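In what follows, a single structure is set out as structure tokens and then discussed.
Here the structure is a predicted model, which means the values were calculated and not measured. Whatever order the structure lists ligands and atoms in, that order sets their numbers, starting from 1.
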Amino acid sequence: MDPTYRLYGSPGWGSTIVEATLTLMGEPYARVDLKEGVFAHEDERLTRVNPLAQVPALVLPSGELLTESAAILLWLTEQHAEAGLAPLPGDPARAQFLRWMAYIPGQIYPMYWVRDIPSRLAEGEAAEQVILARTAERIADCWRMMDQQVSPGRYILGDRLSVLDLYVTVVSRWTPRRRRFYAVAPKMAEVVRRVDAEPRLAGLWAERFPFDDGWEG
Ligand SMILES: N[C@@H](CCC(=O)N[C@@H](CS)C(=O)NCC(=O)O)C(=O)O
């Protein structure tokens, strides 16, 4: 039995949220990065463990496979409750935590399944361009609606950093990218900037999702 977590992922992809979580928890993990230049479904190391061919996919020390980013994050916060990265059952912040933890993979993340390969749903260049434009607008709208309904302190749920902050920080870097996010979600903009600057994550961001020139879009 492998005593550590094994995380299938790719720099900057959804696996980065899990890496940030494990980093803050101080939990060691091994990475299996997708091959560069091929689609996820073409990497047989991934399809062997996750037939859906998506990352993050986390193999637990027991050998069990966990997929779906929200499930992974929730499970990790239960297993490593001492890290304090989630309001646990009984905490007054729990309901809103679960709400927004489900909102991101329910409303926003699936847009990228379409965007990454628009021909999955559209036929022809013109139709693909419409899909790309409309999904970008939908994502921005979802961020706007979330921002209107949260009351952040230093972090989205108050003054405690949670995996929700890590989730929003990474996903908001994807199209339509951060400049648009700052405009539509001004309250959460302050939070994600704080998480970008979190000293315990500096090494991870530099290695796995660097703030290169023009990164904000
Ligand atoms: N519902 C999944 C979505 C995961 C997902 O779409 N991951 C992307 C990378 S960020 C992926 O693996 N895409 C490859 C594909 O769908 O072909 C989750 O929340 O983890």
Identify, for [atom], the protein heavy atom at the shortest distance, and state residue, atom and that distance.
atom: atom 15 (C) of ligand 1; value: Arg120 NH2, 3.6 Å
atom: atom 2 (C) of ligand 1; value: Glu68 OE1, 3.2 Å
atom: atom 16 (O) of ligand 1; value: Gln54 NE2, 3.3 Å

Just go through [options] and tell me whose heavy atom is the nearest to [atom].
atom: atom 13 (N) of ligand 1; options: Trp113, Tyr112, Trp13; answer: Trp13
atom: atom 12 (O) of ligand 1; options: Thr16, Leu52, Val55; answer: Val55
atom: atom 20 (O) of ligand 1; options: Ser69, Pro110, Gly106; answer: Ser69

Requested in this report: Answer yes or no: does atom CD of Glu82 have more than 12 heavy-atom neighbours from other residues, nucleotides or ligands under 6.0 Å?
Outcome: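 Counting neighbours around CD of Glu82, more than 12 heavy atoms of other residues, nucleotides or ligands fall under 6.0 Å, so yes.
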Taking 4.0 angstrom as the limit, do [X] and [Y] come out as a salt bridge?
X: Arg144; Y: Asp141; answer: yes
X: Arg177; Y: Glu216; answer: no
X: Arg31; Y: Asp33; answer: no
X: Arg160; Y: Asp91; answer: yes
X: Arg180; Y: Glu137; answer: yes

Query raised in the report: Has Tyr109 got any heavy atom lying under 4.0 angstrom from an atom of ligand 1?
Result: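 It does, in that a heavy atom of Tyr109 comes within the 4.0 Å cut-off of ligand 1.
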Query raised in the report: Does Glu42 have a heavy atom less than 4.0 Å from any atom of ligand 1?
Result: no
Query raised in the report: With a 6.0 Å cut-off on ring centres, are Phe209 and Trp205 close enough?
Result: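 They do not qualify: ring centres at least 6.0 Å apart.
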**Report entry** Donor on one side chain, acceptor on other, Thr16 and Arg208, under 3.5 Å
**Finding:** no
Query - Min N/O separation Asp116 to ligand 1 under 3.5 Å - result: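 Between Asp116 and ligand 1, no N or O pair is found under 3.5 Å apart.
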Query raised in the report: With respect to Trp174, which candidate in Phe181, Trp13, Tyr167, Tyr109 satisfies the ring-ring contact (aromatic ring centres under 6.0 Å, His included) definition?
Result: Tyr109
**Report entry** Ser15 and ligand 1 - part of the residue with a heavy-atom distance under 4.0 Å
**Finding:** neither
Which of the numbered atoms in ligand 1 are under 4.0 angstrom from any heavy atom belonging to [X]?
X: Pro56; value: 20 (O)
X: Ala40; value: 14 (C)
X: Gly14; value: 10 (S)

